[in-house]
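Okay, so here's the structure we're looking at.
Proteins come first, then strands; the chains are lettered A, B, ... in the order of their sequence lines, and each starts at number 1.
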Amino acid sequence: MTEEAQGGETDLNFVLQARRDKLDALVSAGVAPFAYGFDRSHFAAAAIALMPPPAAEGEHADGPQVRVAGRIVAWRAHGKTTFAHLMDPSGRIQLYFKKDQIGEQQYAVLDNFDLGDVIGVSGPLFRTRTGEVTVRAEKVEMLAKALRPLPFGKEEVVDGVTVRHSGFADGEMRSRQRYADLAVHPEVRRLFRARSAMITAIRGFMNELDYLEVETPVLQPLYGGATARPFITHHAALDMPLYLRSADELYLKRLIVGGLERVYEIGHDFRNEGIDKTHNPEFTMLEFYEAYADYELMMTRVEQLLVRAHGAVARVLGDGQPATGAQRATGEGNSAELPDFKPPFPRLDWLTTLSKAMGVPNVMELDTAALASAAEQAGVQKVGSLSRPKLLDELFQAHVESKIDTPTFVVDYPLELSPLAKPKRGNPALTERFELFARGKELANAFSELNDPLDQRRRFEAQAKLKAAGDDEASGVDEDYLRAMEYGMPPTGGVGIGMDRLFMYLTGTSHIRDAILFPTMRPE
RNA sequence: GACCCGAUAGCUCAGCUGGUAGAGCAACGGACUUUUAAUCCGUAGGUCGCGGGUUCGAAACCCGCUCGGGUCACCA
């Protein structure tokens, strides 16, 4: 992209220069190339639906008058007549320009129209010889001249399936220039509409249960609630470091103490770690907390929430819809069938499942050295540098998690893995915690929240010890949180669900980049 | 981070074993008053990712680098 670097019109390449020349020609002809508005009467799909079915053979009665607006996505000039297709949010509609009809002067202006221009057209509907509902243009208005060509591919319909030729396939460019990706790929627009519908449905679900939507700090003086490397920033006036939150958890639970007994937040968390297919440095998290609930109740909440989210996505994408844009671009074909699941989800007990998978009576009875060698066997790297909790977690990932396909709860994690969870009734070495897995990925994490401030202090101190020993993901002691808990926190159930991952699961999207409008990328 | 693959016209790509670049679409000019991947004729468009090396000669071979993709690892 050298033209940006060089700037100046003389350096524009010939393609961009041609567009500028047309812009100048429009201005010379008295056409304002950037309009202030347009009174659209119908979307394309609605206009097409207005037209009565084909009349008797050979009859070409005009239909009602419409005013449509959108982007030019196809242009076929035939001398004194021109066909074009206009795209708007509802779909496409064909336009027909005839020199006799719109006059020599207006017809000449069409020479300065290009693919990608935003125009408004008014005129009556009619059917062409092939039966396609078309606007016979009586008046055409330039609304926004495109000075840069959009990477449209040509399309044809073969046996009812739209086949796209060439086009915009570079995944990196599609993420960097999401505006262009959206502009040329209706299926990408539809995918992100489905994402929006999913979030809206989840809000509706929480609100119906009398949960209060709240906002807690993104800038935090201490980070906690998740084990991850934080982003650090600096507040100039206070001259102190602040951390971008890696979780909302500790603030939401302060609200439970305050008597807001059901709260939720949907917002971005930030983790200063690698970027890959399932990790973006900022991502959308839903957390919700409910007083007087335990993890059993929270499992049913999660099940219901997934059903609602699935329904919302299905309504936008429809059943058996063709592939998402991401899949089309990567040639994955029409495999994006929505997942099929029904509550209640199966439950696997952490300890017995892992012990069984490893062929030992009880993994918790193995000493650290034995865990390390088992982890090494399972393909875990750098086992020597891992703490006991980490080894357990790695073993679980390797032996169990990665093999879970349909939504499944894993319950009762070891206490040492879960610093914010309440000990399990009847077995204090475990906690009342569950995670939800599907397609080998974690979708949710939840517990009966620890509400004993003395126990919580001991857990924090154990974390602080790990941190002092070099585990830079462990958190420290959050005294203010402990103070809140000392005022008395009712028993509480809490859940965190990664919205990006949930959406990926529901839509069969394999890369998180394709589930986020503007994923984090290295600068160009 | 390791290994593999890739980077050529605005887009999608081809370019065999080294002889200084090609197609389709888009663009530009022309013909065409119901086309729809419109068609037909013509034109223009490239520091072949960057740097070095081998060679009479490099898009191609070698080395390094940058960026991207995949797989694995890491990120509970």
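In this structure, the CE atom of M173(A) is 13 Å from the P atom of rC13(B), given to the nearest Å. Rounded to an integer number of Å, the gap from F113(A) CZ to rA27(B) P is 15 Å. The distance from atom CD1 of I275(A) to atom C1' of rG69(B) is 15 Å, rounded to the nearest whole Å. Going from atom CD1 of I93(A) over to atom C1' of rU36(B) covers 14 Å, rounded to whole Å. The separation between R127(A) atom CZ and rU36(B) atom C1' is 16 Å, rounded to whole Å. Atom pair L150(A):CG and rA26(B):C1' shows a separation of 12 Å (rounding to whole Å applied).
Spacing of C1' atoms, rC62(B) relative to rG70(B), comes out at 25 Å, to the nearest Å. Going from the P atom of rA21(B) to that of rA9(B) covers 14 Å, rounded to whole Å. Distance noted for atom P between rU66(B) and rC56(B): 32 Å (whole Å). Between the P atoms of rG29(B) and rU34(B), the separation comes to 23 Å (whole Å). Remark: the separation of the C1' atoms in rC11(B) and rG51(B) is 28 Å, to the nearest Å. Comparing rA37(B) with rA73(B), their P atoms sit 47 Å apart, to the nearest whole Å. As rounded to the nearest Å, rU36(B) and rU8(B) have C1' atoms that lie 32 Å from one another. Distance check on atom P: rG53(B) versus rG10(B) gives 28 Å, rounded to whole Å.
Residue side chain E132(A) reaches the base of rU36(B) through a donor-acceptor N/O pair under 3.5 Å, judged by distance alone. Below the 3.5 angstrom threshold, one finds a donor paired with an acceptor across the side chain of R76(A) and the base of rU35(B). Within 3.5 Å, a donor on the side chain of T128(A) pairs with an acceptor on the base of rU35(B), or the reverse.
Taking a pair to require two hydrogen-bonding distances under 3.5 Å in either a Watson-Crick or a G-U wobble arrangement, rA27(B) pairs with rU43(B). In this structure, rA14(B) makes no Watson-Crick or G-U wobble pair, since no nucleotide meets both defining distances under 3.5 angstrom. Across all strands shown, rG70(B) is found opposite rC3(B) as a Watson-Crick or G-U wobble partner, with both distances under 3.5 Å.
Between D117(A) and R71(A), none of the side-chain N atoms (NZ, or NE/NH1/NH2) sits under 4.0 Å from a carboxylate O, so this pair counts as no salt bridge. Of the charged side-chain nitrogens involved, none lies within less than 4.0 Å of a carboxylate oxygen, so that K403(A) and E401(A) do not count as a salt-bridged pair.
Among the heavy atoms of the strands lying under 4.0 Å from R513(A) are primed sugar atoms or P, OP1, OP2 only; no base atom is included. Nucleic acid contact for K98(A): base, since at least one base atom lies under 4.0 Å from a heavy atom of the residue. Note on Y96(A): a base of the nucleic acid sits closer than 4.0 angstrom, heavy atoms only. In this structure, Q94(A) reaches the bases: a heavy-atom distance under 4.0 Å links it to at least one base atom across the strands shown. Contacts of D276(A) with the nucleic acid, taken as non-hydrogen atoms under 4.0 Å apart, include base atoms. Within the nucleic acid shown, D100(A) comes within 4.0 Å of at least one base atom, counting heavy atoms only. Residue A77(A) is classed as a base contact, given a heavy-atom separation below 4.0 Å to a base.
Which of rA76(B), rU36(B), rC28(B) sits closest to the side chain of R433(A) comes down to rA76(B). Of the candidates rC32(B), rU36(B), rU34(B), rU36(B) carries the atom nearest the T130(A) side chain, counting heavy atoms from C-beta on. Taking only side-chain atoms of T81(A), from C-beta outward, the nucleotide of rU36(B), rA27(B), rU34(B) with the closest atom is rU34(B). Considering only side-chain atoms of H78(A), the nucleotide from rA76(B), rC28(B), rC32(B) that sits closest is rC32(B). Considering only side-chain atoms of K22(A), the nucleotide from rU34(B), rC32(B), rA27(B) that sits closest is rA27(B). Of the candidates rU33(B), rU34(B), rA76(B), rA76(B) carries the atom nearest the Q397(A) side chain, counting heavy atoms from C-beta on. Distances from the side chain of F83(A) to the nucleotides rU35(B), rA73(B), rU36(B) place rU35(B) closest.
When the side-chain nitrogen and oxygen atoms of R148(A) are compared with OP1 and OP2 of rG10(B), none of them lie within a distance under 4.0 Å. Dashed line: the shortest gap from a side-chain N or O of K277(A) to OP1 or OP2 of rG70(B) is not under 4.0 Å.
Between L417(A) and M521(A), the residue anchored nearer the 5' end of RNA chain B, judged by the nucleotide with its closest heavy atom, is M521(A). Position along RNA chain B of the nearest nucleotide to K99(A) versus P419(A) favours K99(A) as the more 5'-ward residue.
Under the 4.5 Å side-chain criterion, counting only non-hydrogen atoms from C-beta, K145(A) is not in contact with V118(A).
In this structure S90(A) satisfies the side chain to side chain donor-acceptor pair (under 3.5 Å) test together with D88(A), sequence neighbours excluded. For the ring pair (Phe, Tyr, Trp, His ring centres under 6.0 Å) test, no residue two or more places apart in sequence or in another chain qualifies with F437(A).
For F447(A) and Y295(A), the gap between ring centers reaches or exceeds 6.0 Å. Proximity of the aromatic rings of F97(A) and W75(A) is defined here by a centroid distance below 6.0 angstrom, and this criterion is met. You'll find the ring centres of Y96(A) and F126(A) inside the 6.0 Å limit.
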